[in-house]
Amino acid sequence: MRWSNALINTVRETPKEAETISHRLMIRAGMILKVGSGIYDFLPLGWRVIKKITNIIREEMDASGAQELLMPVLSPSELWQETGRWQLYGKEMMRLKDRHDKEWGLGPTHEEVITDIVRRQINSYKQLPVNLYQIQIKFRDEIRPRFGIMRAREFMMKDAYSFDRDEEGALKSYNNMFEAYKRICRRIGFNYRPVEADSGAIGGSSSAEFMVLADTGEETIIYCGKCEYAANVEKAAAIVEAKGGNAGEELQKVHTPDIRTVEELAAFVKMAPEDTAKTIFYIADNKFTAAMMRGDREINEIKLKNALGAPEIRLASAEEIKEKTGAPVGFAGPVGIKDKGIKLVIDNTVAVMPSMVCGGNEKDYHYTGVKRGRDFEEDMTADIARAEEGDSCPKCGGKVKAQKGIEVGHVFYLGDKYSKAMNAVFLDEQGKTKEFVMGCYGIGVTRIAAASIEQNHDENGIIWPMAIAPYEAAVVPVSIKYKEGYDYCVELYEKLKAAGVDVILDDRDISPGVKFKDADLVGFPLRVVVGEKNFKDGRVEVKMRKEKDFQLLDKDAVFERVREIVEEGKNKLKS
RNA sequence: CGGGGCGUAGCGCAGUGGUAGCGCACCUGCCUUGGGAGCAGGGGGUCGGAGGUUCAAGUCCUCUCGCCCCGACCA
């Protein structure tokens with residue numbers, strides 16, 4: 001491509017809405033254009049990156065034995081009603097009616113649709129296993145889209161679904177995908193980590209997320225410094241050191257005017273936060289439920305939800321708490337709660353506290369010396385604490401650390417959740433009817449582009465890895481008026497193009513400063529600069545974007561060298 | 001959904017009730033060519049939309065739409 005013909009509008013000023021580096025740089029480099037909240041155009045430069053990413057994914061999916069197909073963006077409500085997700089998915093699924101008043105949803109994911117395909121197409125164990133995938137637009141009406149294409153409402157995803165005759169096979173398929181995802185991440189050049197994850201709304205029994213490590217990530221990873229353990233904080237088991245719990249032996253009601261937070265309370269009664277226990281109220285599955293946590297720790301609602309086996313959980317409102325416990329928010333506690341028909345779950349940390357400070361169930365009062373068993377009785381003890389740095393590793397006992405990450409991939413072992421609900425069955429050797437055992441596997445294609453920029457940039461712009469760069473090399477004549485140099489550039493450009501290198505020729509008649517700034521901003525991995533000063537002596541500058549210095553090469557050696565670097569960069573991460 | 005903020009040229013912004021502006025970008029010409037040059041000229045606006053107050057509204061009032069940020073873990 002000649003730059004003079006290309007639609008690449010770089011902008012000097014950063015748009016005010018862009019907060020994260022990737023969002024800012026994608027706009028400034030002319031890769032994306034916003035159409036509406038969470039809705040973006042991919043301009044030619046951005047689209048080239050997306051195509052590179054999908055090519056890598058496609059190659060690795062095909063190599064793993066999966067087959068590509070394409071499902072519609074729109075799916076009929078009936079299919080979603082079969083699994084109950086027409087209700088369950090809530091507002092995140094965009095719904096619309098056609099002219100006949102028939103209801104449709106914009107597919108946020110495609111388990112129902114794929115299961116429908118398979119139940120209609122596969123009747124025999126002889127056709128199994130099978131793994132089907134698509135690369136498609138998804139739509140999720142996010143509460144708050146942000147960070148450009150990082151969390152967009154419309155985005156591109158590769159989703160794959162495996163169908164097996166039994167659990168053993170399904171596990172094999174799952175591991176097969178796990179390995180494929182590792183290869184994809186490696187080829188894209190990510191610094192990443194697979195972590196244990198909660199399976200959320202998709203459901204299923206085990207799952208792993210592929211996290212790209214970046215401080216701007218929206219997810220928190222808990223990982224062990226000593227062993228391989230790594231988990232999303234949503235899932236991470238918390239092995240918390242027992243401490244505190246020294247709040248006296250006798251139950252005493254203490255006047256604590258206007259004391260609401262744990263810090264205020266601990267200071268007021270002259271104890272440590274870990275001597276207190278907070279009681280937080282939830283509506284879990286329409287039942288009023290109290291959860292107790294040691295004062296210095298936070299509750300992990302996802303773990304609480306899973307412990308309760310509740311499909312839906314939310315914090316109780318201030319009014320609900322007042323009405324049910326008789327005390328305003330901040331003063332409710334576990335004492336006497338049982339008589340009010342409130343279910344009580346306590347965290348492991350609370351179970352080992354000899355005594356504690358709790359809410360007094362009366363405005364401006366707390367209890368000290370509250371003892372479990374004597375003063376209250378729980379219905380259940382569970383690990384519902386949010387894991388924190390310094391906790392013990394559940395695998396090896398080492399200390400865990402925390403780090404931010406961007407979720408770019410997620411693999412789920414689904415089991416028969418969908419096949420059962422949708423009566424998707426086949427016949428085994430004995431002629432017996434069996435449900436498919438499924439897995440599903442997603443990769444955020446557009447998110448990968450943003451994640452890569454988060455990991456590869458400097459103050460001047462993007463630094464694309466060779467594998468997904470919009471162009472692998474830029475040929476830049478300092479001035480197109482210097483005929484010998486420019487002719488050389490055109491010839492080099494043509495030769496590289498013919499040799500299969502993705503190359504762009506900056507043939508614009510503008511000052512070299514602009515060209516250099518643009519090349520750095522857009523982030524071509526390799527830059528060839530031809531200026532009169534060096535070219536007079538038959539020398540040409542070759543510079544890697546990620547390196548500071550350039551090398552001067554003989555003009556006749558440049559073509560081979562560029563080709564070499566590009567090939568090496570593209571292939572070194574292939575397995 | 002709650003709170004806050006912003007809608008004026010493609011982008012970033014100024015604008016005191018009285019002629020709609022600046023920088024960047026864009027177009028023409030000259031000049032320049034190793035890190036977002038210089039000079040001169042030029043095009044581009046229903047001031048988000050609707051209603052209202054006023055002799056007069058970008059500016060004041062009401063409604064509405066859109067966008068952004070924060071929160072939705074406080075016990």
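Just so it is clear, the model here is predicted, and its values are computed rather than measured.
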Under 4.0 Å between any heavy atoms, over every strand shown, what does [X] touch: base, sugar-phosphate, or nothing? Just pick one.
| X | value |
| --- | --- |
| Arg527(A) | base |
| Asn534(A) | base |
| Val529(A) | base |
| Gly531(A) | base |
| Asp520(A) | base |
| Ile321(A) | base |

Could you give the [atom1]-to-[atom2] distance, from [X] to [N], as a whole number of Å?
| X | N | atom1 | atom2 | result |
| --- | --- | --- | --- | --- |
| Asp296(A) | rA75(B) | CG | P | 12 Å |
| Glu142(A) | rC68(B) | CD | P | 13 Å |
| Arg314(A) | rG2(B) | CZ | P | 16 Å |
| Ile259(A) | rC74(B) | CD1 | C1' | 15 Å |
| Arg146(A) | rA72(B) | CZ | C1' | 11 Å |
| Glu263(A) | rA75(B) | CD | P | 7 Å |
| Lys536(A) | rG34(B) | NZ | C1' | 13 Å |

Please report the distance separating the [atom1] of [N] from the corresponding atom of [M], rounded so that it comes out in whole Å.
| N | M | atom1 | result |
| --- | --- | --- | --- |
| rG48(B) | rC55(B) | P | 25 Å |
| rC47(B) | rG58(B) | C1' | 5 Å |
| rC67(B) | rG34(B) | C1' | 41 Å |
| rG7(B) | rA75(B) | P | 37 Å |
| rG23(B) | rA14(B) | C1' | 11 Å |
| rG42(B) | rA25(B) | C1' | 14 Å |
| rG15(B) | rA9(B) | P | 15 Å |
| rA56(B) | rU16(B) | C1' | 16 Å |

Now, which nucleotide makes the Watson-Crick or G-U wobble pair with [N], with each of the two distances under 3.5 Å?
| N | value |
| --- | --- |
| rU59(B) | none |
| rC47(B) | none |
| rC73(B) | none |
| rU16(B) | none |
| rU32(B) | none |
| rC6(B) | rG66(B) |
| rG23(B) | rC11(B) |

Phe42(A) versus Trp47(A), closest heavy-atom pair with distance: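 Smallest interatomic distance, heavy atoms only, reads CB-CE3, 4.1 Å.
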Shortest non-hydrogen contact from Asn348(A) to Asp383(A)?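 Scanning both residues, the minimum pair turns out to be ND2-CB, 3.4 Å.
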Identify which nucleotide among [options] has an atom closest to any side-chain atom of [X], counting heavy atoms from C-beta outward.
| X | options | answer |
| --- | --- | --- |
| Lys16(A) | rC70(B), rA75(B), rG12(B) | rG12(B) |
| Arg28(A) | rC69(B), rG36(B), rA75(B) | rG36(B) |
| Phe516(A) | rA72(B), rG36(B), rG34(B) | rG34(B) |
| Ile143(A) | rC69(B), rA75(B), rA72(B) | rA72(B) |
| Leu521(A) | rA75(B), rG36(B), rC68(B) | rG36(B) |

In Å, rounded to the nearest 0.5 Å, how long is the span from CZ of Arg153(A) to OH of Tyr40(A)?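 So the gap between those two atoms works out to 10.5 Å.
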Rounded to the nearest 0.5 Å, what separates atom OG in Ser22(A) from atom CG in Asn456(A)?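 If we round to the nearest 0.5 Å, Ser22(A):OG and Asn456(A):CG are 11.5 Å apart.
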Looking at Glu532(A) and rG34(B), is any side-chain donor or acceptor paired with a base atom of the opposite kind under 3.5 Å?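 No, no donor-acceptor pair under 3.5 Å.
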Show your working on side chain to side chain contact (heavy atoms under 4.5 Å, CB included) between Tyr471(A) and Val503(A) and close with a plain yes or no. CA-CA 5 Å; Tyr471(A) 291 97; Val503(A) 58; 5.9 Å; no
First encountered from the 5' end of RNA chain B, between Glu298(A) and Val514(A):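 Counting from the 5' end, the first nearest nucleotide belongs to Val514(A).
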Given that Asn460(A) and Arg386(A) both sit by RNA chain B, which one's nearest nucleotide is further toward the 5' end?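 Here Asn460(A) is the residue nearer the 5' end.
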NZ or CZ of Arg447(A) within 45° of Phe155(A) ring axis and under 6.0 Å: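 Cation-pi check for Arg447(A) and Phe155(A): fails.
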Is the Phe281(A) ring parallel, tilted or perpendicular to the Phe288(A) ring (thresholds 30°, 60°)?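 Ring orientation, 0 to 90° scale: tilted.
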Once the angle between the rings of Phe535(A) and Tyr488(A) is folded into 0 to 90°, is it parallel (under 30°), tilted (30 to 60°) or perpendicular (over 60°)?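 Rings of Phe535(A) and Tyr488(A): tilted, as their planes differ by 30° to 60°.
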Should Glu484(A) and Lys555(A) count as an ion pair when the cut-off is N to O under 4.0 Å?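 Result for this pair is no, no salt bridge flagged.
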Phosphate-side-chain proximity, Arg144(A) and rC69(B), N/O vs OP1/OP2 below 4.0 Å: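 The answer is yes; a side-chain N or O of Arg144(A) sits under 4.0 Å from OP1 or OP2.
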What string of B, S and - do you get for nucleotides 23-33 of chain B, 5' to 3', when a contact is any protein heavy atom under 4.0 Å? BSS------BB
Would you call rU16(B) syn or anti, using the 90° rule around 0?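 Glycosidic conformation of rU16(B): syn.
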Pair Phe139(A), Ile39(A) - check side chain to side chain contact (heavy atoms under 4.5 Å, CB included), show working. CA-CA 10 Å; Phe139(A) 196 97; Ile39(A) 313 280; 3.8 Å; yes
Passing option when Met356(A) is tested against Thr276(A), Val350(A), Asn246(A) for side-chain contact (heavy atoms from CB on, under 4.5 Å):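 Considering Thr276(A), Val350(A), Asn246(A), a side-chain contact (heavy atoms from CB on, under 4.5 Å) with Met356(A) is found only for Val350(A).
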